[in-house]
Visitor: 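After the structure tokens below, expect a handful of questions from me.
What you see below is based on every heavy atom in this structure, not just the backbone, and it leaves out hydrogens, waters and symmetry mates. Lettering of chains follows the sequences in order, A, B, ..., and the numbering in each one begins at 1.
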Amino acid sequence: MSETPETPQKFVVPIGPQHPALKEPGHFEFSVDGEIVTGASVRLGYVHRGIEKGAENRNYAQAMYLMERVCGICSHVHATAFALGTEKLAGVTAPARAQAIRTIVAELERLHSHMLWLGVAAHEGGFDTLFMYSWRDRETVMDLLEAITGNRVNYSVNLLGGVKVDITPELADQIRKGLDFLEERNQHYLKVVTTDETFLGRTQGVGTMTKEQAFLTGAVGPTARASGVEIDIRVHAPYAGYPDFPVNLVIDTAGDLLARFVVRIKEMQESCRLIRHILDHMPETELTVRMPRRIPAGETISRVEAPRGELFYFIKSNGTDQPERVKVRTPTLCNWGSVINFAPGHKLADMPMILAGIDPCFSCNDRLISIRRNEQDPQLWSWEDLRQYGVQYYK
Amino acid sequence: MNNITLPPLIALLLFPGGLFLLSFSLFFEWADRKLVARFQNRLGPRWFQPLADVVKLLAKEEIVPDGVHKGLFLVLPIIALAAALTAALYVPMLGFSPAFSFQGDLIVTLYLLSVMTLCLGLAGANTADRFSLIGATRTLTQLFSYEAPFLLALLGPAIVVGSWSIAEINTLASDSLWFILSQPIGFLVALVGLMGKLELPPFDAPEAETEIVAGALTEYSGRGFALFRLGKDVELVIGLTLVAAFYLGGIINPLDFLWKVAVLLLVTAGLQSLFARLRIDQTVGLWWRVGALLALLQLLAIVVGRYLNPLLFGR
């Protein structure tokens with residue numbers, strides 16, 4: 001009458017693809033023991049849009065517009081990365097004023113992205129007041145971006161070989177005024193985040209990642225900098241306007257969620273300083289140079305610092321006016337390791353904040369989708385198979 | 001000063017039991033949401049929004065998910081609302097004397113209010129949904145953490161007055177010094193305990209939407225959800241009335257009631273928008289390490305005071 005001891009079944013909490021904590025579809029499975037998380041896994045690929053493939057069927061100017069739509073929050077850095085890469089292949093350098101304007105818009109975009117993140121992260125922690133306030137103040141940046149470019153989301157500032165918009169002295173004054181307000185608010189948020197007792201209870205010592213661990217998991221951007229890793233493309237491989245207008249590295253050594261808040265808010269302050277500096281020393285040059293229609297054959301990589309970390313572009317040209325291959329690797333993809341490896345051991349209640357801590361952007365990082373066949377071993381489908389499947393499906 | 005009494009049938013159906021309480025609690029929900037929204041720099045809902053929500057939910061289909069005990073699933077919201085409405089009969093609503101009153105109705109009222117939470121916990125545990133199960137666990141965990149301090153906090157005035165009847169405590173509280181001045185700790189514990197009872201932020205871990213969707217109520221839609229929500233609103237009214245009657249010098253007339261409860265609502269709305277959500281372990285820690293100890297300290301002070309008072313003043 002001996003009973004075999006039952007192995008305790010795992011209690012798995014699924015988060016996503018549709019879940020109030022997620023603004024975009026992704027799927028996470030946390031196995032929990034009571035409130036303690038014992039395992040975590042992630043499944044991506046719900047929003048694969050075939051942008052890389054789409055770029056191959058368009059010429060360079062058209063592809064840039066497509067690339068700008070990889071991400072709704074950091075659209076400008078994608079276009080910048082693509083434009084810089086293409087210009088490098090063509091052997092063209094955009095004028096100094098164009099580079100400065102690219103940099104200003106990039107930093108304004110960083111401001112808006114970080115404020116958006118601050119609100120979302122606060123909401124995940126149940127601090128809706130901070131969420132509402134930071135999003136209210138974010139409108140200031142959005143208005144500035146709209147004043148400069150005419151758009152709130154896809155700014156469409158870049159051209160191959162320059163920029164489309166100029167910053168007039170009146171516009172510069174408007175930006176300065178907006179920055180005054182933002183700097184004051186950021187100072188306030190820094191104080192709130194570092195002194196509010198209940199908020200500290202949710203962030204201090206949560207999701208801690210040491211410098212070595214950040215290195216091993218390949219974290220990038222503010223997530224890595226919060227762990228003390230000195231990595232910032234703007235500093236270590238300056239592009240666009242950054243060689244002329246250097247930016248200071250913001251790092252923190254604590255490595256927990258609090259450090260990620262502090263790093264991002266301090267980065268906003270640094271962005272404000274940089275924008276002011278550039279506005280005061282705008283180079284007086286043309287806005288564009290002539291770009292050849294056909295790009296000489298070759299390969300290049302282009303790296304820029306998106307608000308979330310290093311954004312990587314690989315562009316291969318075959319001498320025609322269409323790129324042969326464009327590969328995009330967004331920072332979110334590099335940061336998943338830090339979530340999955342450091343989630344176990346924390347409370348379930350911390351999961352949304354740890355997830356939000358890397359500022360994930362699901363749609364941006366979905367580059368490839370692998371479909372598993374039921375009857376055979378899991379394998380990738382060939383292009384022909386996919387076509388057949390599509391024909392059958394819609395017949 | 002004596003409160004006005006009402007005939008029983010009116011007390012059950014119109015005031016303070018039925019219609020009045022329901023409309024009043026919807027109004028309170030609106031006021032609470034509006035205040036929190038204004039604190040957060042939002043516009044907030046229009047005055048009829050809670051009513052519109054309830055009407056909409058009542059008109060909707062109630063989906064009974066697979067794997068639940070159907071009878072329990074349907075009857076739990078009704079029990080929860082009924083318990084909350086019954087509790088209203090023992091409190092001095094709007095300054096009139098309670099419809100029913102006896103020695104010990106304080107304890108009965110408090111437990112009628114807890115039936116609501118128990119129903120929530122059961123409703124969550126009844127379904128097979130994982131979010132509901134975690135929500136139910138958290139709801140019950142939270143119940144065990146705030147219940148004792150909340151009870152102790154309301155016992156303070158009861159001991160001083162020397163009665164277990166809400167009506168008597170209300171009458172005597174209006175004659176003496178306000179208990180908020182003589183027992184400030186008790187007031188704080190009672191008010192914050194009420195917020196924990198109602199699962200208002202920052203004690204909303206049992207229904208933290210970014211973690212477990214809607215907690216124990218995830219599987220509820222339509223009528224069940226509407227009744228649970230109404231039950232919570234009724235609890236908010238009764239809870240605030242109790243705290244006002246005990247700590248803000250009793251409730252004598254409707255005007256008195258309105259301004260005292262409005263002040264309390266303002267304070268709770270402020271507290272709701274001030275803090276980040278506490279994790280469930282932090283909630284339990286806060287209540288047992290701070291809340292319960294403070295309430296006990298208060299109780300000890302009252303008991304010692306009651307012994308010393310005759311000695312010092314020779315009464």
Visitor: For chain B, find which of D196(A), V13(A), L130(A), L348(A) contributes the most heavy-atom pairs closer than 4.5 angstrom.
Guide: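 Between D196(A), V13(A), L130(A), L348(A), the count favours L348(A).
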
Visitor: Can you confirm whether R42(B) sits close enough to R136(A) that some side-chain heavy atom of one is under 4.5 Å from a side-chain heavy atom of the other?
Guide: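 Answer no - side chains too far apart.
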
Visitor: Is it the backbone or the side chain of V120(A) that comes under 4.5 Å from a heavy atom of chain B, or both, or neither?
Guide: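 No part of V120(A) comes within 4.5 Å of chain B.
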
Visitor: Taking atom CG of D128(A) and atom CG of D204(B), what is their separation to the nearest 0.5 Å?
Guide: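 Those atoms lie 8.5 Å apart.
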
Visitor: Between F199(A) and R277(B), is any pair of side-chain heavy atoms under 4.5 Å apart?
Guide: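 Answer no - side chains too far apart.
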
Visitor: Contact between R279(B) and T198(A) at the side-chain level, heavy atoms closer than 4.5 Å - yes or no?
Guide: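 R279(B) vs T198(A): side chains apart.
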
Visitor: What is the distance from atom CZ of F275(B) to atom CZ of R202(A), rounded to the nearest 0.5 Å?
Guide: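 Those atoms lie 14.5 Å apart.
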
Visitor: With a 4.5 angstrom heavy-atom cut-off, is it the side chain or the backbone of L286(B) that approaches chain A, or both, or neither?
Guide: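 No part of it gets close to chain A.
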
Visitor: Should F11(A) and R130(B) count as side-chain neighbours, where that means a heavy-atom distance under 4.5 Å?
Guide: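 F11(A) reaches R130(B) side chain to side chain.
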
Visitor: Side chain, backbone, both or neither: which part of S273(B) has a non-hydrogen atom closer than 4.5 Å to chain A?
Guide: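 Interface part for S273(B): both.
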
Visitor: For the candidates L274(B), L278(B), V36(B), which exhibits the highest count of non-hydrogen atom pairs separated by less than 4.5 Å from chain A?
Guide: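 Sorted descending by pairs with chain A, the first entry is L274(B).
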
Visitor: Search all heavy atoms of F39(B) against all heavy atoms of T129(A) and return the closest pair with its distance.
Guide: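 Shortest heavy-atom separation between F39(B) and T129(A) comes out as O-CG2, 4.4 Å.
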
Visitor: Kindly check if the number of other-residue, nucleotide or ligand heavy atoms within 6.0 Å of CG (D33(A)) is above 12?
Guide: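 Open.
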
Visitor: Who among A122(A), A356(A), A349(A) has the most heavy-atom pairs with chain B under 4.5 Å?
Guide: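 That would be A349(A).
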
Visitor: A quick test of your reading: do over 12 heavy atoms of other residues, nucleotides or ligands sit less than 6.0 Å from CZ of F181(A)?
Guide: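 Yes.
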
Visitor: Which residue out of M353(A), E197(A), M351(A), H123(A) racks up the most heavy-atom pairs below 4.5 Å with chain B?
Guide: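 Most heavy-atom pairs within the cutoff with chain B belong to H123(A).
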
Visitor: Kindly compute the distance separating CD (Q40(B)) from OH (Y133(A)), expressed to the nearest 0.5 Å.
Guide: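 Here the rounded value is 8.0 Å.
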
Visitor: How many angstroms lie between NE2 in H19(A) and CD1 in I212(B), if you round to the nearest 0.5 Å?
Guide: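 One finds 8.5 Å between NE2 of H19(A) and CD1 of I212(B).
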
Visitor: Count the heavy atoms belonging to other residues, nucleotides or ligands that lie under 6.0 Å from NZ of K260(B), then report whether that count exceeds 12.
Guide: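 Check passes, neighbour count above 12.
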
Visitor: Heavy-atom distance under 4.5 Å between the side chains of Q18(A) and V213(B), does that happen here?
Guide: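 No - every pair of side-chain heavy atoms lies 4.5 Å or more apart.
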
